[in-house]
Amino acid sequence: MKQDLIELLKYIKPYSLSYQEWINVGMALKQEGYSAADWDQWSMNDDRYKAGECFRKWDTFSGDTAEPVTGGTIVEYAKRGGFVPSGSSDDLGTALDWDSVIQKEEGVVVDKGWLEEKEVEEPSDANWQPVQELIIYLETLFQSTENVGYVTEVYQNDDRLSPKKGCWDRTAGELIEQLKKCGGDIGKVIGDCNPQAGAWIRFNPLDGKGIKNENVTDFRYALVESDSTEIGKQNAIIRELELPVAALVFSGKKSVHAIVRIEAGDYAEYKKRVDYLYKICHKNGLEIDVQNKNPSRLSRMPGVIRNGHKQFLMATNIGKKSWTEWQEWIEAVNDDLPDPEDLAAVWDDIPPLADCLIDGVLRKGHKMLLAGPSKAGKSFALIELCIAIAEGRQWLGFQCAQGRILYVNLELDRASCLHRFKDVYDALGWQPKNIRNIDIWNLRGKAVPMDRLAPKLIRRAEKRNYTAVIIDPIYKVITGDENSADQMANFCNQFDKICTELKAATIYCHHHSKGNQGGKKAMDRASGSGVFARDPDALLDLTELELTDGIRKLQAGKARIRGIERALNEFAPGWTEEVGQDDRLSPSQMQDYAEKKLLLTVQHEVMLRYIEEEQKRSQGLTAWRIDGILREFPKFETQNVWFRYPIHVDDDTGMLSDIKLDDGSWESIRKKRKDGRKQQAQEAAEQLQSDFEVEFANIEFEGREVPAQELADALGCTSKTLLGWLGKGNKVKKNIDINFEKYMGEDGRMYIRRKVCDGATN
């Protein structure tokens with residue numbers, strides 16, 4: 001970071017500051033960890049400089065004030081001097097504040113310590129061909145039909161001669177044609193120039209109606225000029241940077257004018273590209289005159305005299321051939337990629353593998369994706385993981401190494417997020433002994449795309465020694481089309497940056513694609529490009545299991561037992577010594593025991609309330625299968641878990657292992673329909689039994705015999721249908737046994753009575 005502020009000082013001229021501003025620079029340098037020698041070296045560029053004064057002042061800066069002067073002050077002063085801050089090459093116009101991170105310098109090509117100046121030699125009178133130079137200049141920059149703006153007339157502006165508006169109504173073709181016939185006298189074509197001032201030319205074509213930016217017809221070139229850098233360095237840096245220069249002209253004084261290919265489609269793109277161009281020049285030691293940005297700007301015309309010196313054409317078409325080629329080259333030079341490694345050189349000293357963060361699943365500093373559909377409790381699972389790492393406990397059956405963790409919350413409001421952490425701690429039954437290991441960064445409503453979030457995250461986390469960073473969920477920060485492989489590869493690279501810079505694991509979650517997932521491999525279930533599944537070192541995928549009625553009934557019984565146990569724990573401590581393990585698995589046995597043990601009415605009421613709460617929670621119970629795709633470890637056995645809000649718990653009964661995933665096949669659909677029809681028949685039979693018993697009891701209650709016809713009328717069917725139900729075996733629909741039978745009365749009518757057993761009526 002030190003180099004960054006020293007670079008910024010190059011934009012600040014000490015003589016342009018007031019005394020207090022000069023003091024502020026010194027205080028800011030000391031606050032940010034720089035030395036008095038840095039301040040002194042910079043201050044020497046001021047005529048007011050006094051040797052030793054910086055060192056005397058330095059010792060008086062305590063930095064203990066409530067609002068110390070920081071590096072932000074230097075940033076602001078640098079902006080006044082032409083510094084153009086930017087976040088990245090893709091976002092050149094976005095200014096950083098001091099709270100933002102200044103990344104490692106990108107776009108630096110010139111090694112200033114090894115730069116060799118390239119002297120600019122003025123041609124002799126015998127070798128100079130001014131008319132030919134101007135023709136070459138026009139042919140290089142313009143098409144023959146394009147209007148060219150130029151100026152030869154001047155006016156006195158304070159202490160200097162300034163150009164007038166000039167001409168703009170002639171085409172390059174017309175000028176070239178007349179120059180070829182002028183007999184070596186440029187003045188015959190463009191008019192006589194003031195020998196003290198020289199002449200100017202506009203490097204972009206005009207519409208023939210004026211000289212403003214709106215009159216520019218093609219945003220083709222930009223001017224690079226520096227009045228403060230030594231001319232030999234200017235020439236060297238322009239060539240070292242391989243700027244796509246169409247024409248390089250000596251100004252006749254203390255600068256060279258590089259007409260650089262910008263090739264922008266419109267004014268907005270022109271501004272963006274010029275900002276990028278100037279930024280790269282600044283970083284490489286060429287202090288650009290930022291007043292030259294506009295596309296209608298004047299530049300020095302080759303082929304004329306200025307104050308005894310020649311304005312001459314130094315070169316054409318040097319450097320890269322186009323803007324695109326140059327920009328790609330600049331970015332490639334700074335790719336920061338490591339050199340190839342000789343395996344033989346490290347064969348006997350191979351570095352150790354990173355320690356495990358999640359045993360058998362994930363190493364420290366690696367990436368993991370948790371994928372699943374909505375309502376799978378993915379966020380709760382990640383919160384459980386936060387807590388397991390903080391406490392050094394197990395997560396979904398996997399042991400976690402203890403460490404510090406950052407949870408980046410992109411979806412929940414702050415209060416909801418904090419409540420979730422407390423609810424999960426309570427549901428797990430763990431004491432928050434190491435809660436200081438968890439940091440939460442709440443960004444709901446403030447999230448930015450991942451390529452901008454990553455550097456902000458790294459800056460805040462770099463000194464916190466996090467073991468892991470969890471980002472939940474990633475759809476909030478996705479940049480680009482999630483179905484585009486190349487765009488998603490770039491997106492996922494941001495996770496690599498976090499891992500590399502922080503040496504911490506990066507863990508994130510993503511949703512499944514739409515439709516049935518049972519027939520897909522775990523790797524193919526995540527929504528969007530396959531990059532999501534193939535990029536992380538570990539992928540854990542959650543798929544919902546469809547519970548059978550038998551399993552649901554069993555879970556309802558377990559919920560009843562949990563409610564009873566809660567009451568016994570509260571009112572009858574020590575009860576576990578009186579109840580055997582087998583009885584503890586039986587809801588009826590447990591309730592019988594509890595009713596005898598809990599003597600007070602209020603205790604019974606509490607037990608019933610606990611049972612109701614547990615059964616209500618059980619109704620929302622879902623089951624999930626976890627598959628793992630691992631890069632560093634062998635595949636683990638499929639895990640089956642329950643999501644019992646708000647936590648996931650292992651299936652210790654093994655009942656979920658037999659459930660097969662619905663693969664969406666025709667056989668699966670046909671079985672579903674068959675099971676559905678069977679279930680409907682069962683429900684209809686149960687309803688029939690209930691209606692039968694109710695109507696029979698109503699008629700029987702009146703002290704009358706129950707004629708079949710009367711009962712049939714009450715049930716809304718014919719007597720024949722009713723007697724058919726009570727056919728062979730006296731079973732309703734052959735599904736449910738009932739304690740009724742038909743018999744013939746003495747009056748010849750059919751009656752229905754309760755079954756007779758051992759000679760007596762039931």
Side-chain angles (χ1 to χ4, degrees), residues 116-144 146 148-154 160-164 166-167 170-204 221 223-227 229-239 243-261 289 292 297-319:
E116 294 185 7
E117 294 188 14
K118 292 188 179 295
E119 295 298 329
V120 177
E121 296 184 7
E122 191 171 324
S124 65
D125 293 342
N127 294 328
W128 191 37
Q129 296 179 316
V131 172
Q132 187 61 29
E133 284 189 5
L134 183 53
I135 290 174
I136 293 173
Y137 184 94
L138 292 170
E139 289 177 337
T140 302
L141 267 61
F142 301 96
Q143 297 177 16
S144 62
E146 292 177 333
V148 180
Y150 60 92
V151 179
T152 57
E153 296 180 337
V154 297
R160 62 178 179 174
L161 297 173
S162 297
K164 293 184 177 181
C167 302
R170 300 165 78 183
T171 67
E174 292 171 345
L175 291 171
I176 292 171
E177 183 72 20
Q178 294 173 27
L179 285 168
K180 289 179 179 179
K181 300 176 181 179
C182 72
D185 186 357
I186 288 181
K188 290 182 178 180
V189 179
I190 62 172
D192 293 331
C193 306
N194 185 312
Q196 299 300 314
W200 298 264
I201 190 168
R202 302 185 193 277
F203 42 81
N204 280 315
Y221 306 107
L223 173 62
V224 168
E225 177 197 7
S226 174
D227 287 331
T229 305
E230 295 87 341
I231 195 165
K233 284 187 177 181
Q234 293 178 41
N235 191 18
I237 292 172
I238 288 169
R239 295 172 187 270
L243 295 177
V245 175
L248 192 64
V249 178
F250 177 59
S251 69
K253 194 174 182 182
K254 57 180 180 178
S255 67
V256 295
H257 286 204
I259 310 304
V260 179
R261 290 185 174 85
D289 183 352
N292 291 330
R297 191 73 178 177
L298 287 168
S299 177
R300 286 291 169 175
M301 178 191 292
V304 299
I305 298 294
R306 177 188 182 189
N307 199 24
H309 292 282
K310 300 178 180 71
Q311 292 181 184
F312 64 91
L313 186 64
M314 297 168 57
T316 59
N317 299 320
I318 61 174

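All figures in this text were calculated on a predicted structure; none of them were measured in a lab.
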Distance-minimising heavy-atom pair for P163 and L298
CG-CD1, 3.8 Å
Checking E153 now: which residues fulfil salt bridge (Lys or Arg N to Asp or Glu O under 4.0 Å) with it, not counting sequence neighbours?
none
Got a second to check how far Q234's CD is from S226's OG, nearest 0.5 Å?
4.5 Å
Measure across G198 and C193 and return the closest heavy-atom pair with its distance rounded to 0.1 Å.
O-CB, 3.9 Å
Rounded to the nearest 0.5 Å, how far apart are OG1 of T152 and NZ of K164?
9.5 Å
If we only count heavy atoms from C-beta on, is the F142 to L175 side-chain gap below 4.5 Å?
no
Audit row: N235, L248, side-chain contact (heavy atoms from CB on, under 4.5 Å) steps and yes/no:
CA-CA 9 Å; N235 191 18; L248 192 64; 3.8 Å; yes
Residue among M301, H257, R300, Q311 satisfying side chain to side chain contact (heavy atoms under 4.5 Å, CB included) with I201
M301
From the list I231, V224, D227, V120, side chain to side chain contact (heavy atoms under 4.5 Å, CB included) with S255 holds only for D227
Nearest heavy-atom contact between Y221 and T140 is OH-O, 3.6 Å
Roughly how far, to the nearest 0.5 Å, is the CG atom of L179 from the CG atom of D185?
10.5 Å
Closest non-hydrogen atoms of P123 and W128, given as atom of the first, atom of the second and distance, are CG-CD1, 3.8 Å
Distance col, row N307:CG vs L161:CG, nearest 0.5 angstrom, shows 9.5 Å
Between V151 and G166 the two heavy atoms that sit nearest each other are CG2-CA, 3.7 Å
For K310, does the NZ atom sit with more than 12 other heavy atoms under 6.0 Å from it, leaving out its own atoms?
yes
Is there a side-chain contact between V154 and W200 in this structure, where contact means two heavy atoms from C-beta onward sitting under 4.5 Å apart?
yes
Tell me, which pairs form a side-chain hydrogen bond (donor to acceptor under 3.5 Å, both in side chains) where one or both residues lie in residues 171-181, sequence neighbours left out?
R170-Q178, E177-K181
Would a 4.5 Å heavy-atom cut-off, applied to side chains only, mark I259 and S299 as touching?
yes
Non-hydrogen atoms of A247 and L141 that approach each other most closely:
CB-CD1, 3.8 Å
Roughly how far, to the nearest 0.5 Å, is the CD1 atom of I136 from the CD1 atom of I176?
10.5 Å
Spacing of F312 atom CZ and I305 atom CD1 [to the nearest 0.5 Å]
11.0 Å
Within 6.0 angstrom of E122 CD, more than 12 heavy atoms from elsewhere:
yes
